Chemist: 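Pasting in a structure now, in structure tokens, and then I'll have a few things to ask.
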Amino acid sequence: MEYVTLGRTGLKVSVAGLGCGGFSRLGLGAGKSTAEAVALVRRALDMGVNLLDTAAVYGTEEVVGEAVKHVPREDVVIATKAWIPRSAGRNAAERAVAGLDASLRRLGTDYVDIFQLHGVMPAAYQQAREVIAPALLKEQAKGKFRHLGITEAASEDPEHGMLQRAVEDEVWDVVMVAFHMMHQNARAKLFPRTIAKHVGTLLMFAVRNIFSRPERLATVLRELTARRELPRWLADAPNPLGFLIHEAGARTITEAAYRFARHEPGVDVVLFGTGEPEHLRANIAALLAPPLPLADRLTLTKLFGRLSGVGLDPPYSMPGMGSP
Ligand SMILES: NC(=O)c1ccc[n+]([C@@H]2O[C@H](COP(=O)([O-])OP(=O)(O)OC[C@H]3O[C@@H](n4cnc5c(N)ncnc54)[C@H](OP(=O)(O)O)[C@@H]3O)[C@@H](O)[C@H]2O)c1
């Protein structure tokens, strides 16, 4: 495993972070058992992954708590999240603090390393900054969490409007941002500022459905070529991203996707979500592999660099919630 410093948190974290939500939810989303999910987390830890990202809405905090029970607490970096609906109004701060306490109970720990506000829409940012963050900082002073973070609602906010504001404020030490081969706009819109401000970055959506399900990619390409946002050959080709697969390049599209994300300047940790032990192994190997060949990266940027908001489908949603 390789480790990096997560921005100004100073935390030493594995470049591969286990995402405990997304479509897989550690396999629970595909009908696997809690015991299998716990085993998957333990296997990840054995392979050197030390950052686990969960959330109240994923229903995987207990799994994470069980998996890390016998690990020295300081050896693992636990990140979790609370989603606060805008309609919470004046109760928003109270809800966030109650959410933090409930997460600590489910995780069976007395602190988390990173506590994040989950899927914050641009219109909810002011409330997050002015009402919720001050209340949470009082809980931080009591030792309930070490660093405050915030995650974007990717499908509703593909231009990163909320995070563009958040990185300029000093309270959020960590941000979670969507970035992948066909949604590259964080390169210009966000990473220069996270780098300048030493804000830690957790990257989500490297693969999602678009690069794990060929039929989903084909549908998206048909839509984009119909709108003339991409050249026609991409919709007609039997294997449109086949140019990435060659001797000196990647072996699979998912490998290419994780390698593309990992080596983007400004990216600290790439989260990957899976319930499959074989995918766990392959994804860690991909994240530790060198950058894609320059020619392939240039092709990806030339073809897809102007796209925004592609392939960000949420697995499930709550009213008013972004992509969890
Ligand atoms: N707003 C937010 O705060 C927010 C939103 C989204 C995500 N997140 C975080 O980011 C994490 C990562 O997102 P994600 O779960 O969508 O992860 P992802 O890595 O972008 O995509 C995971 C999907 O790809 C499949 N997959 C993974 N490895 C594969 C492989 N080697 N070959 C084929 N298919 C593969 C998984 O299914 P299998 O189970 O079959 O492997 C799963 O359906 C989440 O778990 C969560 O922690 C946060």
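Each ligand, and each atom within it, is numbered from 1 in the order the structure gives. Everything numeric in this text was worked out from a predicted model, so none of it was measured.
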Chemist: Measure the acute angle between the ring planes of His180 and Phe211, then classify it against the limits of 30° and 60° as parallel, tilted or perpendicular.
Modeler: perpendicular
Chemist: Only heavy atoms of Gly19, strictly under 4.0 Å: list the atoms of ligand 1 that pass.
Modeler: 11 (C), 44 (C), 45 (O), 47 (O)
Chemist: Under 4.0 Å from any heavy atom of Ser24, which atoms of ligand 1 are there?
Modeler: 36 (C), 37 (O), 38 (P), 39 (O), 42 (C), 43 (O)
Chemist: Glu255 near ligand 1, heavy-atom distance under 4.0 Å?
Modeler: no
Chemist: Within the 4.0 Å heavy-atom shell around Thr274, which atoms of ligand 1 are there?
Modeler: 38 (P), 39 (O), 41 (O)
Chemist: Between Phe260 and Phe179, what is the ring plane arrangement, given parallel below 30°, perpendicular above 60°, and tilted in between?
Modeler: parallel
Chemist: With heavy atoms only and a cut-off of under 4.0 Å, state how Asn283 meets ligand 1: side chain, backbone, both or neither.
Modeler: side chain
Chemist: Please work out, at 4.0 Å between heavy atoms, whether the side chain, the backbone, both, or neither of Gln116 comes within that distance of ligand 1.
Modeler: neither
Chemist: Applying a heavy-atom cut-off of 4.0 Å, say which part of Lys81 lies close to ligand 1: side chain, backbone, both or neither.
Modeler: side chain
Chemist: Between Glu170 and Lys197 (salt bridge meaning N to carboxylate O under 4.0 Å), is one present in this structure?
Modeler: yes
Chemist: Measure from the ring center of Tyr58 to the ring center of His118 and say whether it is less than 6.0 Å.
Modeler: yes
Chemist: Going by the atom numbers of ligand 1, which of them fall below 4.0 Å from some non-hydrogen atom of Glu276?
Modeler: 40 (O)
Chemist: Determine which pairs satisfy salt bridge (Lys or Arg N to Asp or Glu O under 4.0 Å) with at least one residue from residues 108-125, sequence neighbours left out, and list them in order.
Modeler: Arg73-Asp113, Asp113-Arg146
Chemist: For ligand 1, which part of Thr254 has a heavy atom less than 4.0 Å away: the side chain, the backbone, both, or neither?
Modeler: side chain
Chemist: Does ligand 1 come near enough to Gly275 that some N or O of the ligand is less than 3.5 Å from an N or O of the residue?
Modeler: yes
Chemist: So, is Asn209 polar-close to ligand 1, with some N/O to N/O distance under 3.5 Å?
Modeler: no
Chemist: Test question: given the 4.5 Å side-chain rule for I, L, V, M, F, W and Y, name all other residues clustered with Leu298, or answer none.
Modeler: Leu294
Chemist: Between Asp46 and Arg42, does any side-chain N to carboxylate O distance fall below 4.0 Å?
Modeler: no
Chemist: Show me which atoms of ligand 1 lie under 4.0 Å from any heavy atom of Tyr258.
Modeler: 18 (P), 19 (O), 27 (C), 28 (N)
Chemist: Using side chain to side chain contact (heavy atoms under 4.5 Å, CB included) as the criterion, point out the one residue from Val13, Asn50, Val269, Leu51 that pairs with Tyr3.
Modeler: Asn50
Chemist: Can you tell me which portion of Tyr58 lies within the under-4.0 Å heavy-atom range of ligand 1? Options are side chain, backbone, both, or neither.
Modeler: side chain
